[in-house]
Amino acid sequence: MARIKLPDGSIIEADDGVTAKQVAEKIGPGLAKAAIAAKINGNLVDLSAPINGDASIQIITAKDAEGLEIMRHSCAHIMAEAICGLWPNAKLVYGPTVDDGFYYDIDLEEPIRPGDFERIEEKMGEIVKADKPFIRKEMTRAEAIAKLGGEKYKTDNVNRATGDIMSFYSSGDGFEDLCRGPHIPSAGKAGAFKVMSVAGAYWHGDPTQKMLQRVYGTSWRNRKELDEYLTRLEEAKKRDHRVIGRQLDLFSFNDAGPGFAFMHPNGMIIWNSIVDFWRGVHKRFGYEEIKTPIILNKELWHRSGHWDHYKENMYFTRFDDTDYAIKPMNCPGGCLVYQTRKHSYREFPLRVAELGLVHRHEASGVIHGLFRVRQFTQDDAHIFCTPDQIEAEIIGVIELTFEIYRAFGFKDFHIELSTKPENHIGSDEIWETATNALINALKHKNIDYKVNEGDGAFYGPKIDFHIEDSLKRSWQLGTIQLDFSMPQRFELVYTDKDNTEKAPVMIHRAVLGSFERFIGILIEHYAGDMPLWLAPQQAVILPISEKTNDYARAVEARLKAQGLRVSCDLTDEKIGAKIARTHGDKPAYMLVVGPKESQSDSVNVRIRGQEQTKTLKVDEFAAIAVKKIADKQLELAL
RNA sequence: GCCAACGUAGCUCAACGGUAGAGCUCCGGUUUUGUAAACCGGAGGUUAUCGGUUCGAAUCCGAUCGUUGGCUCCA
């Protein structure tokens with residue numbers, strides 16, 4: 001006898017061996033119809049799974065996140081069957097779910113092309129329409145290996161799997177695949193799907209292994225959700241910083257320098273606004289600023305350890321029979337500045353910032369707009385301190401970092417701690433001390449963090465700051481890296497209270513990471529609608545006709561005198577056309593001026609993103625705008 | 001770097017083996033306009049580059065460069 005406990009606490013009694021599907025039927029026909037899988041004693045299983053003895057059960061439907069996940073996984077199988085039907089030579093490797101969908105890795109000599117997607121989808125449609133069941137067959141590990149008959153990829157999957165029971169699922173028209181499950185009861189429950197893209201992917205993500213074809217699909221509960229997802233993709237495309245960067249004339253790229261951004265005047269307005277703000281905050285937090293050379297002798301990079309650990313990403317140059325490297329990081333230069341004089345414990349902590357221009361030769365396939373470039377400006381700083389100052393310094397950096405993020409409207413951040421990588425310098429003891437210092441600071445601030453084992457820089461452990469943008473995407477921006485190695489390599493010392501020379505602790509840190517990348521993130525976060533203090537065009541004045549051009553120019557001059565970034569549209573277009581065109585430039589405000597405004601010394605303000613307008617005295621508008629800029633207000637409403 | 005796709009005017013796209021076009025932008029003119037696009041005209045392209053096939057190539061083939069989407073890597 002099985003005693004089955006439902007989520008509401010009630011008990012259903014049934015014979016042993018009753019299936020989850022039958023339990024669902026007992027609860028109600030509606031639920032039985034909607035059922036996709038079940039959770040028995042906390043484990044996800046097929047609806048066909050038998051239940052014995054005491055058990056708790058939850059019927060999973062498409063409404064549950066787990067239900068959607070199962071639908072997607074089953075969809076991957078359906079796509080695999082479709083592909084195997086079209087390409088009988090295709091060897092299946094691995095087909096998991098991902099955010100918004102699934103993929104299947106396939107070993108097939110003939111490339112699958114985007115033009116094939118329609119055929120694949122049609123075939124998938126046929127399989128779904130036939131609505132054949134997914135049937136689970138369990139066997140031992142040895143039986144599974146025997147059944148696979150030496151098939152390379154699936155045998156490897158068995159060898160990597162845990163547990164002694166392996167399972168195969170048969171579905172559709174005689175299709176069979178090794179899979180842990182669970183699956184939807186039959187293909188008809190697959191929901192709405194679309195084959196999205198195909199890309200190369202190394203087997204096991206290992207570049208020395210064969211490159212497989214990874215076919216991506218998206219799948220949803222129904223057609224409506226699929227369409228909404230596709231619309232969301234379209235919207236995200238419109239936010240693409242590369243598209244908006246061109247539209248707003250912020251920056252460009254040229255074949256003359258792949259991965260090297262050209263910042264235009266509008267882009268530099270955003271850049272310099274950020275720099276001004278950044279300098280102000282750093283001054284308040286007790287930082288000084290330096291600037292170190294971009295090209296430095298190769299020997300320096302041997303000494304710093306970069307030659308041994310970072311050479312592949314560095315640019316080199318040679319003149320006067322001497323080898324030089326273009327700096328990929330600012331720290332060695334910072335060390336040379338430190339060395340120019342004697343230091344005392346009294347001046348510690350010594351906080352030295354540098355907006356350093358670095359070059360890194362990134363692989364051609366990874367460069368991407370402003371997000372991944374080969375030349376970028378880091379908002380770097382190096383803090384030299386004594387070991388007992390580490391914790392307080394790290395706390396200070398955390399506070400400074402949060403203050404800066406909040407000014408840009410980022411509210412959700414999280415922190416990750418990365419520990420010793422395989423490729424590292426320095427002793428295990430040094431690594432442990434440094435890692436503990438970071439942990440203690442985080443504990444002191446009561447900050448939750450995630451640990452990434454083995455992800456640290458080669459010279460020390462680090463904590464990384466991640467922010468979440470308006471599309472809920474996570475970006476790594478800031479980093480704090482403890483470094484006990486660099487001071488040793490450069491023989492940096494300070495004189496302590498007892499008149500002995502000791503090695504200082506060096507803390508590397510960046511808040512925004514890369515200016516280029518951060519600006520790209522801001523553009524996508526705001527969809528190009530920059531907050532007033534960052535907007536390249538804060539206001540555009542639109543005279544109704546030439547008759548008020550003089551008034552428009554006068555207003556422009558007055559607003560400029562207040563420090564506002566203003567321009568005038570003096571073309572002979574009608575006002576409707578001026579507004580429509582100006583929209584594309586995304587100014588915070590449009591100021592319409594005609595005879596009425598010129599007589600009352602006012603402007604008719606159109607706020608970006610709003611239909612209705614508001615008339616204000618020129619001085620009134622200027623005062624409000626100036627205050628909003630000073631306060632870095634994100635809200636444009638007057 | 002690897003796999004695949006794509007490179008046509010400043011931008012967005014047509015033309016898909018037979019004389020390279022449109023809209024927007026830009027320039028000149030008409031119009032003097034009241035809240036999301038008035039009208040007329042003009043300029044702008046060795047179709048990424050180089051080579052091949054063909055009577056004929058933007059179109060087919062190859063190489064190179066670049067871009068896009070992934071993989072690996074990363075700020």
Side-chain angles (χ1 to χ4, degrees), chain A residues 98 103 105 108 110-117 196-216 237 240 242-243 246-247 249 252-259 310 312-313 328-329 356 358 360-380 455 457 462 464-466 475-479 481 508 510-518 520-521 542-549 570-584 590-597 604-606 610-615:
Chain A
V98 290
Y103 65 79
D105 279 350
L108 173 66
E110 185 192 334
I112 295 174
R113 297 193 164 83
D116 299 319
F117 293 172
M196 299 298 285
S197 65
V198 57
Y202 302 111
W203 191 33
H204 297 324
D206 179 349
T208 62
Q209 293 291 344
K210 182 166 189 184
M211 181 152 288
L212 308 165
Q213 298 194 62
R214 178 168 293 178
V215 185
Y216 284 89
K237 217 168 161 184
D240 188 319
R242 294 165 299 185
V243 174
R246 193 183 293 123
Q247 188 189 337
D249 199 12
S252 61
F253 287 91
N254 190 286
D255 289 359
Y310 209 73
E312 302 71 37
N313 284 312
M329 296 185 195
V358 297
R360 299 181 183 176
H361 184 80
E362 301 290 347
S364 61
V366 306
I367 52 182
H368 176 97
L370 292 178
F371 288 163
R372 198 74 185 274
V373 289
R374 286 175 168 161
Q375 181 208 58
F376 60 97
T377 299
Q378 275 186 318
D379 65 325
D380 212 347
D455 243 10
K462 59 175 181 176
D464 293 324
F465 295 82
H466 297 248
W475 300 95
Q476 192 211 310
L477 296 182
T479 183
Q481 309 184 349
H508 308 248
V511 177
L512 304 175
S514 142
F515 265 77
E516 284 79 355
R517 197 171 86 117
F518 184 67
I521 292 167
L542 308 177
I544 294 291
S545 79
E546 258 175 43
K547 289 170 187 162
T548 40
N549 278 2
L570 301 178
T571 60
D572 61 353
E573 293 289 352
K574 299 206 301 193
I575 189 63
K578 285 185 182 180
I579 289 167
R581 282 168 213 276
T582 306
H583 250 93
M590 290 187 219
L591 309 177
V592 174
V593 296
K596 269 189 288 183
E597 287 75 18
N604 182 256
V605 188
R606 270 182 86 100
Q610 289 181 27
E611 284 286 337
Q612 74 267 53
T613 66
K614 188 170 182 180
T615 298

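So you know, we letter chains A, B, ... as the sequences are listed, proteins then strands, and number each from 1.
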Any A/Thr613 side-chain N or O less than 4.0 Å from OP1/OP2 of B/U35: no

- request: Take the protein atom CD of A/Glu573 and the nucleotide atom C1' of B/C39, then report the distance between them rounded to whole Å.
  value: 10 Å

task: For B/U33, take OP1 and OP2 only and decide whether either is under 4.0 Å from a side-chain N or O of A/Lys547.
output: yes

- request: May I ask you to say what A/Ile579 touches in the nucleic acid, namely base, sugar-phosphate or nothing, with a heavy-atom cut-off under 4.0 Å?
  value: base

task: To the nearest Å, give me how far apart CG (A/Asp380) and P (B/A75) are.
output: 12 Å

message: For a quick test of reading the model: is some side-chain N or O of A/Arg360 closer than 4.0 Å to OP1 or OP2 of B/C73?
response: no

query: Can you tell me how far C1' of B/C65 sits from CZ of A/Phe253, to the nearest Å?
result: 17 Å

message: Given the structure, check if the side chain of A/Asp206 and the base of B/U72 hold any donor-acceptor pair shorter than 3.5 Å.
response: no

task: Check every atom of B/U32, B/A4, B/C71 against the side chain of A/Pro114 and return the nucleotide holding the closest atom.
output: B/A4

message: I'd like to know whether A/Phe518 forms a side-chain contact (heavy atoms from CB on, under 4.5 Å) with A/Thr377, so could you lay out the CA-CA distance, the side-chain angles of the two residues, the decisive distance to 0.1 Å, and finally the verdict.
response: CA-CA 10 Å; A/Phe518 184 67; A/Thr377 299; over 6 Å; no

message: Please report the interatomic distance CG(A/Asp105) to CE(A/Met211), rounded to the nearest 0.5 Å.
response: 10.5 Å

- prompt: Which nucleotide sits closest to the side chain of A/Arg372: B/G1, B/C74, B/G34?
  reply: B/C74

Spacing between A/Met590 atom CE and B/G34 atom P, to the nearest angstrom: 17 Å

message: Just so I know, are the side chains of A/Ser364 and A/Arg374 near enough to count as touching, which here means a heavy-atom distance under 4.5 Å?
response: yes

message: Show, in sequence, the C-alpha distance, side-chain angles and deciding distance for A/Gln612 and A/Gln610, and conclude whether the side-chain contact (heavy atoms from CB on, under 4.5 Å) test is met.
response: CA-CA 6 Å; A/Gln612 74 267 53; A/Gln610 289 181 27; 4.2 Å; yes

query: Step by step, would you call A/Glu597 with A/Val592 a side-chain contact (heavy atoms from CB on, under 4.5 Å)?
result: CA-CA 8 Å; A/Glu597 287 75 18; A/Val592 174; 5.6 Å; no

- prompt: Between A/Asn313 (CG) and B/C74 (C1'), how many Å, whole number?
  reply: 8 Å

message: Heavy atoms from C-beta onward define the side chain here; which of B/G1, B/A75, B/U32 lies closest to that of A/Lys462?
response: B/A75

query: Looking at B/A75, does its base get a donor-acceptor pair with the side chain of A/Gln375 below 3.5 Å?
result: no

- prompt: Do A/Gln213 side-chain and B/G70 base share a donor-acceptor contact under 3.5 Å?
  reply: no

Gap between atom OH of A/Tyr202 and atom OG1 of A/Thr208 - 0.5 Å precision: 9.5 Å

- prompt: With rounding to whole Å, what would you report as the distance between B/G29 and B/G21 at their P atoms?
  reply: 28 Å

task: Name the residue closer to the 5' end of RNA chain B, choosing between A/Leu512 and A/Lys596 according to the nucleotide with the nearest heavy atom.
output: A/Lys596

task: Return the nucleotide paired to B/U54: Watson-Crick means purine N1 to pyrimidine N3 with N6-O4 or O6-N4, wobble means G-U with N1-O2 and O6-N3, both under 3.5 Å.
output: none

task: Could you tell me the separation between the CE atom of A/Met211 and the P atom of B/A5, rounded to a whole number of Å?
output: 14 Å

field: Base partner of B/U46, which must satisfy Watson-Crick or wobble distances under 3.5 Å
entry: none

task: Remember a base hit wins even if backbone is also touched, and classify A/Val358 as base, sugar-phosphate or nothing at under 4.0 Å, heavy atoms.
output: nothing

Separation of B/A4 P from A/Tyr103 OH (nearest whole Å): 19 Å

field: B/G45 versus B/C13 - spacing of their C1' atoms, nearest Å
entry: 15 Å

query: Ignoring hydrogens and angles, are the base of B/G70 and the side chain of A/Tyr202 linked by a donor-acceptor pair under 3.5 Å?
result: no

task: Using a cut-off of strictly less than 4.0 Å, decide whether A/Arg214 has a side-chain nitrogen or oxygen near OP1 or OP2 of B/U72.
output: no

- request: Just call it for A/Gly365: base, sugar-phosphate, or nothing, with non-hydrogen atoms closer than 4.0 Å on any strand.
  value: base

query: Using purine N1 to pyrimidine N3 plus N6-O4 or O6-N4 for Watson-Crick, or N1-O2 and O6-N3 for G-U wobble, each under 3.5 Å, what pairs with B/U30?
result: B/A38

field: hbond_proxy A/Asp572 side chain to B/U31 base (donor-acceptor, 3.5 Å cutoff)
entry: yes

Residue closer to the 5' end of RNA chain B, A/Ser197 versus A/Glu546 (nearest nucleotide): A/Glu546

message: Without decimals, in angstroms, what is the distance between A/Arg113 CZ and B/C3 C1'?
response: 12 Å

message: side-chain contact (heavy atoms from CB on, under 4.5 Å), that's the test. Do A/Phe376 and A/Arg360 meet it? Break it down for me.
response: CA-CA 8 Å; A/Phe376 60 97; A/Arg360 299 181 183 176; 3.7 Å; yes

- request: Check every strand shown and say whether A/Ala580 touches a base, only sugar-phosphate, or nothing at a heavy-atom separation below 4.0 Å.
  value: base

- prompt: In Watson-Crick or G-U wobble terms, both distances under 3.5 Å, what is the partner of B/A5?
  reply: B/U67

- prompt: Does OP1 or OP2 of B/G69 have a side-chain N or O of A/His368 closer than 4.0 Å?
  reply: yes

- prompt: Is the shortest heavy-atom distance from the side chain of A/Leu477 to the side chain of A/Ile521 under 4.5 Å?
  reply: yes

task: Would you say whether A/Tyr216 stacks on B/G70? The test is a distance between ring centres of less than 5.5 Å and an angle between planes of less than 30°.
output: no

- request: For B/A22, give its Watson-Crick or G-U wobble partner with both distances under 3.5 Å, or none.
  value: B/U12

